[in-house]
Amino acid sequence: MTRILAETYPDAHCELDFGTPLELLVATILSAQCTDKRVNLVTPVLFAKYRTPADYAGADRAELEEIIRSTGFFRAKTNSIMGMAQALCDRYGGEVPGKLKDLVTLPGVGRKTANVVLGNAFDVPGITVDTHFQRLTRRFGWTTEVDPVKIEHAVGDLIPKSEWTQMSHYMIWHGRRICHARRPACGVCPLASLCPAYGEGPTDPAQAAKLVRSGPFS
DNA sequence: ATCCCGAGGG
DNA sequence: CCCTCTGGAT
């Protein structure tokens, strides 16, 4: 299955726009329950105005909220960003730490966000167990665990560490395009013959093709 | 109506 | 374990 995913999505990558670890950290916090496309619409304005953790920590709350408003959960995300930035100033000398243990201590930064930053800004292998990854591992029969941390460890044992980050991208891309939460496009899925969950969505190719999401998200 | 690369709190 | 936070796209 890994090989087919790699062949299907040869250029799978993080779709959030960023230039620095701090920018990726902020973009990933904004990406909760929001499309990457929407995040990429607000971050150019955001990154131009706030360049350092001190900038975010000292931001005018209402002003920051207004910029990120369209990404949803804007009050909670503002709290997370400002709290995270304050913690970077207080405890990490204004730098984004490159270790999971440190990242998850930051307000608003959970394990999933931390692994995104590690894998894509620090080249430290990380398995990103988001909603897609969770759903696909279950359908693929890779693990019966439901707890994200247990899934992370189970899959980590199945796959070489050097492939963790790229595997996460394959799963997320496949989840977004074909293996949807509701009505997965089984009829056009390249993994159909290998998938224990084949049939959970329409198996008719013509019907399945209508469900495929591609363009507007990539 | 349902979903989008979640995290924190009860 | 559950709930809440939130707007936009389809």
Side-chain angles (χ1 to χ4, degrees), chain A residues 5 9 11-18 21 23-43 45-46 61-62 64-87 100 102-121 125-139 145-152 155 164-185 200-202 209-218:
Chain A
L5 287 172
Y9 309 106
D11 52 358
H13 61 276
C14 177
E15 295 181 88
L16 294 169
D17 295 336
F18 69 96
E23 289 185 355
L24 180 57
L25 183 50
V26 171
T28 307
I29 289 172
L30 293 179
S31 77
Q33 294 300 102
C34 175
T35 60
D36 289 359
K37 188 186 170 192
R38 171 59 49 185
V39 173
N40 291 338
L41 235 41
V42 313
T43 47
V45 179
L46 191 65
R61 190 172 291 269
L64 182 45
E65 282 182 357
E66 193 49 40
I67 297 174
I68 70 167
R69 193 174 188 289
S70 69
T71 66
F73 294 171
F74 63 90
R75 281 182 286 267
K77 287 175 181 176
T78 296
N79 285 338
S80 293
I81 291 170
M82 293 183 69
M84 172 275 287
Q86 187 63 54
L100 182 68
D102 295 321
L103 284 168
V104 295
T105 70
L106 302 170
V109 180
R111 206 176 167 88
K112 180 259 168 179
T113 299
N115 273 322
V116 169
V117 172
L118 288 177
N120 300 285
I127 297 180
T128 305
V129 182
D130 66 345
T131 169
H132 295 301
F133 201 103
Q134 192 167 4
R135 181 176 70 253
L136 268 61
T137 50
R138 183 182 54 71
R139 284 184 178 159
E145 299 289 355
V146 288
D147 173 49
V149 179
K150 289 182 180 173
I151 291 175
E152 189 182 322
V155 176
W164 285 0
T165 301
Q166 197 56 27
M167 174 57 66
S168 300
H169 291 143
Y170 294 152
M171 299 290 264
I172 289 159
W173 278 47
H174 188 58
R176 291 176 74 177
R177 288 162 178 74
I178 292 178
C179 196
H180 310 139
R182 306 288 164 88
R183 289 176 71 75
E200 201 164 311
K210 296 179 195 165
L211 300 172
V212 176
R213 301 173 196 147
S214 49
F217 295 105
S218 51

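Naming convention: chains lettered A, B, ... in sequence-line order (proteins, then strands); numbering from 1 in each chain. All values below come from the heavy atoms of this structure, side chains included, with hydrogens, waters and symmetry mates left out.
Spacing between B:dC5 and C:dT4 at atom P, rounded to whole Å, works out to 23 Å. B:dA7 sits 23 Å from C:dA9 when the P atoms are compared, rounded to a whole Å. Comparing C:dT6 with B:dT2, their C1' atoms sit 15 Å apart, to the nearest whole Å.
In this model, the phosphate group of B:dC5 is not approached by any side-chain N or O of A:Thr35 to a distance below 4.0 Å at OP1 or OP2. The phosphate of B:dC5 has OP1 or OP2 within less than 4.0 Å of a side-chain N or O from A:Arg176. Put simply, A:Arg75 has a side-chain N or O that comes within less than 4.0 Å of OP1 or OP2 on C:dT6. Distances shown here put a side-chain N or O of A:Arg38 below 4.0 Å from the OP1 or OP2 atom of C:dA9.
Taking atom CG of residue A:Asp130 and atom C1' of nucleotide B:dG6, one finds them 9 Å apart after rounding to whole Å. Between the NZ atom of A:Lys37 and the P atom of C:dA9 there is a distance of 7 Å, given to the nearest Å. Going from atom CG of A:Leu136 over to atom P of B:dC5 covers 13 Å, rounded to whole Å. C:dT10 atom C1' lies 12 Å from atom NE2 of A:His180, rounded to whole Å. When the P atom of B:dG8 is taken as reference, atom CD of A:Gln33 falls 15 Å away, rounded to whole Å. Atom NZ in A:Lys77 sits roughly 14 Å away from atom P in B:dG8 (whole-Å rounding). Atoms CG (A:Leu64) and P (C:dT6) sit 13 Å apart, rounded to a whole Å. Taking atom CG on A:Asn115 and atom P on B:dG6, their separation rounds to 14 Å, with Å as the unit.
Base contact: A:Thr128 has a heavy atom under 4.0 Å from a base atom. Residue contacts shown for A:Thr113 are limited to sugar-phosphate atoms, with no base heavy atom under 4.0 Å away. Contact annotation for A:Val109: backbone-only contact, meaning every heavy-atom pair under 4.0 Å involves sugar-phosphate atoms and none involves a base.
Side chains of A:His13 and A:Asn120: no donor on one and acceptor on the other come within 3.5 Å.
Judged by closest nucleotide on DNA chain C, A:Ala32 is the one of A:Ala32 and A:Leu41 placed further toward the 5' end. Residue-to-nucleotide proximity on DNA chain B shows that, of A:Gly108 and A:Leu16, the 5′-proximal contact is made by A:Leu16.
For A:Ser70, counting side-chain heavy atoms from C-beta on, the closest listed nucleotide (C:dG7, B:dC4, C:dT6) is C:dG7. Of the candidates B:dC5, B:dC4, C:dG8, the closest approach to any side-chain atom of A:Asp36 belongs to B:dC5.
A distance below 6.0 Å separates the ring centres of A:Tyr9 and A:His174.
Between A:Arg111 and A:Glu152 there is a salt bridge, since a side-chain N of the basic residue sits under 4.0 Å from a carboxylate O of the acidic one. Ionic pairing of A:Arg176 and A:Asp36 is present here: one or more N-O contacts between side-chain nitrogen and carboxylate oxygen are shorter than 4.0 angstrom.
The minimum heavy-atom distance between A:Cys34 and A:Lys77, with the atom names listed, is CB-NZ, 4.1 Å. The two atoms that bring A:Ile29 and A:Ile81 nearest to each other are CG2-CG1, 4.1 Å, heavy atoms only.
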